[in-house]
Colleague: 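Here it is, the structure in full.
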Amino acid sequence: MSEARWYVIHTYSGYENKVKANIEKTIENRNLQDQILEVSIPLQNVVEEKNGAKKQVQKKMFPAYVLINMIMNDDTWYVVRNTRGVTGFVGPGSKPVPLTEEEMEKMGLMIDQQKLSFEVGDRIVVTAGVWEDTTGVIQSISESRQIVTINVNMFGRETPVEIDFTEIEKV
């Protein structure tokens with residue numbers, strides 16, 4: 001099996017969020033989680049001035065484009081290409097071209113892959129965010145998304161919660 005690469009999808013302007021949601025729904029419905037790993041709309045924080053007040057807002061870095069981390073094959077190509085709002089992959093003709101690591105770095109999209117120092121079944125404590133000071137046992141790990149899933153006690157029952165790698169420590 002080939003490895004997952006980042007590709008750029010061109011969409012109708014303003015359809016980026018809808019395309020992302022539709023692809024994620026299709027991934028779930030067709031059970032393609034192992035082939036299409038992540039759909040991303042890169043955002044940047046921008047300070048806007050409106051009526052004399054400065055406000056920080058998030059804007060799309062690349063309007064009309066969506067990034068997707070996937071293993072390219074006939075099935076994944078078909079799913080993405082036939083999603084409503086998608087006009088095609090970026091590349092010559094109908095052949096998608098993956099982004100190089102240099103291109104990812106220039107766009108500021110390279111995520112330093114944190115070394116995995118824990119595994120399923122390890123007890124961890126959350127060090128930041130909404131769940132700070134919560135302890136739990138790792139149920140699953142997604143290295144590509146850089147998250148772990150733990151169960152927390154919410155409203156009297158166990159509820160799975162996704163936590164970023166940077167917000168946890170081993171107990």
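A quick note: this is a predicted structure, and the numbers were derived from the prediction, not measured.
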Colleague: Would you mind telling me which of L32, T83, V66, T76 makes a side-chain contact (heavy atoms from CB on, under 4.5 Å) with I23?
Modeller: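 Exactly one candidate clears the test, T83.
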Colleague: Do you reckon L99 sits in the same ILVMFWY cluster as V90, going by side-chain contacts under 4.5 Å, direct or chained?
Modeller: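 Yes; tracing contacts between hydrophobic side chains, which count when under 4.5 Å, links both residues.
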Colleague: Return the minimal non-hydrogen interatomic distance between V137 and G121, and the atom names on each side.
Modeller: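 Looks like CG1-O, 3.5 Å.
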Colleague: Should L43 and V19 be regarded as members of a common hydrophobic cluster, given that ILVMFWY residues are connected when their side-chain heavy atoms come within less than 4.5 Å of each other, either directly or indirectly?
Modeller: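 Looking at the clustering, V19 is in the same group as L43.
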Colleague: Do P96 and M72 have side chains that approach each other closer than 4.5 Å (heavy atoms only, starting at C-beta)?
Modeller: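 Yes - at least one pair of side-chain heavy atoms lies under 4.5 Å apart.
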Colleague: Can you tell me which residue pairs pass the ring-ring contact (aromatic ring centres under 6.0 Å, His included) test with a partner in residues 11-38, sequence neighbours excluded?
Modeller: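 Applying ring-ring contact (aromatic ring centres under 6.0 Å, His included) to every pair that reaches into residues 11-38, excluding sequence neighbours, yields Y12-Y15.
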Colleague: Is any side-chain heavy atom of T11 closer than 4.5 Å to one of K20?
Modeller: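 K20 does not reach T11 side chain to side chain.
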Colleague: Nearest heavy-atom pair of I124 and K170: which atoms, and what distance?
Modeller: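 Smallest heavy-atom distance, with atoms named: CG2-CA, 4.2 Å.
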Colleague: Below 6.0 angstrom between ring centroids: does that apply to Y65 and H10?
Modeller: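 Judged by ring-centre distance (under 6.0 Å), Y65 and H10 do meet the cut-off.
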Colleague: Does a side-chain heavy-atom distance below 4.5 Å link F165 with V148?
Modeller: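 Yes; the side chains approach each other to less than 4.5 Å.
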Colleague: For the atom pair CD1 (I36) and CD (E28), what is the distance rounded to the nearest 0.5 Å?
Modeller: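 CD of E28 is found 13.0 Å from CD1 of I36.
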Colleague: For the atom pair CZ (R5) and CG (L37), what is the distance rounded to the nearest 0.5 Å?
Modeller: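 Going from CZ on R5 over to CG on L37, the span is 13.0 Å.
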Colleague: Which heavy atom of R84 sits nearest a heavy atom of N22, and at what distance?
Modeller: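 Answer, listing the atom of R84 first, then N22: O-ND2, 4.0 Å.
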Colleague: Applying the side-chain contact (heavy atoms from CB on, under 4.5 Å) test to T26, which of V80, V79, N82 qualifies?
Modeller: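 So the option named by the test is V79.
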Colleague: Do you know the tightest heavy-atom contact between I71 and E3?
Modeller: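 Heavy-atom minimum between the residues: CG1-C, 4.0 Å.
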Colleague: Per the side-chain contact (heavy atoms from CB on, under 4.5 Å) rule, which among I163, V161, V152 passes with T134?
Modeller: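 Passing option: V152.
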Colleague: Between L67 and P42, is any pair of side-chain heavy atoms under 4.5 Å apart?
Modeller: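 Contact flag for L67/P42 side chains = yes.
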Colleague: With a 4.5 Å cut-off on side-chain heavy atoms, are E158 and N153 touching?
Modeller: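 Touching, per the 4.5 Å side-chain cut-off.
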Colleague: Working to the nearest 0.5 angstrom, can you tell me the gap between T87 OG1 and R81 CZ?
Modeller: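 Going from the OG1 atom of T87 to the CZ atom of R81 covers 7.0 Å.
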Colleague: Indicate, with yes or no, if V130 and V125 share a hydrophobic cluster defined by side-chain heavy-atom contacts under 4.5 Å among Ile, Leu, Val, Met, Phe, Trp and Tyr.
Modeller: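 Unlinked, V125 and V130 end up in two clusters.
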Colleague: Are there over 12 heavy-atom neighbours, none belonging to N29, within less than 6.0 Å of that residue's CG?
Modeller: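 Result for CG/N29: enclosed.
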Colleague: Does some side-chain heavy atom of I150 sit less than 4.5 Å from a side-chain heavy atom of I168?
Modeller: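 Not in contact.
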Colleague: How about Q35 and D75: does a side-chain donor come under 3.5 Å of a side-chain acceptor?
Modeller: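 No - no donor-acceptor pair under 3.5 Å links their side chains.
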Colleague: Counting only N and O atoms by type, is there a donor-acceptor contact under 3.5 Å from the side chain of E49 to the main-chain atoms of V47?
Modeller: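 Between the backbone of V47 and the side chain of E49 there is no qualifying donor-acceptor contact (under 3.5 Å).
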Colleague: Say you draw a straight line from CD1 of I27 to CG of D34; how long is it, rounded to the nearest 0.5 Å?
Modeller: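 The CD1 atom of I27 sits 10.5 Å away from the CG atom of D34.
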Colleague: Which pair of non-hydrogen atoms, one from S13 and one from A64, has the smallest distance, and what is that distance?
Modeller: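 Closest approach of S13 to A64: CA-CB, 4.2 Å.
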Colleague: List the atom of W77, the atom of M70, and the distance in Å for their closest heavy-atom pair.
Modeller: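 Where W77 meets M70 most closely, the heavy atoms are N-CE, 4.2 Å.
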Colleague: What's the separation between atom CZ in R123 and atom CD1 in I138, rounded to the nearest 0.5 Å?
Modeller: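 Taking CZ in R123 and CD1 in I138, the distance rounds to 11.0 Å.
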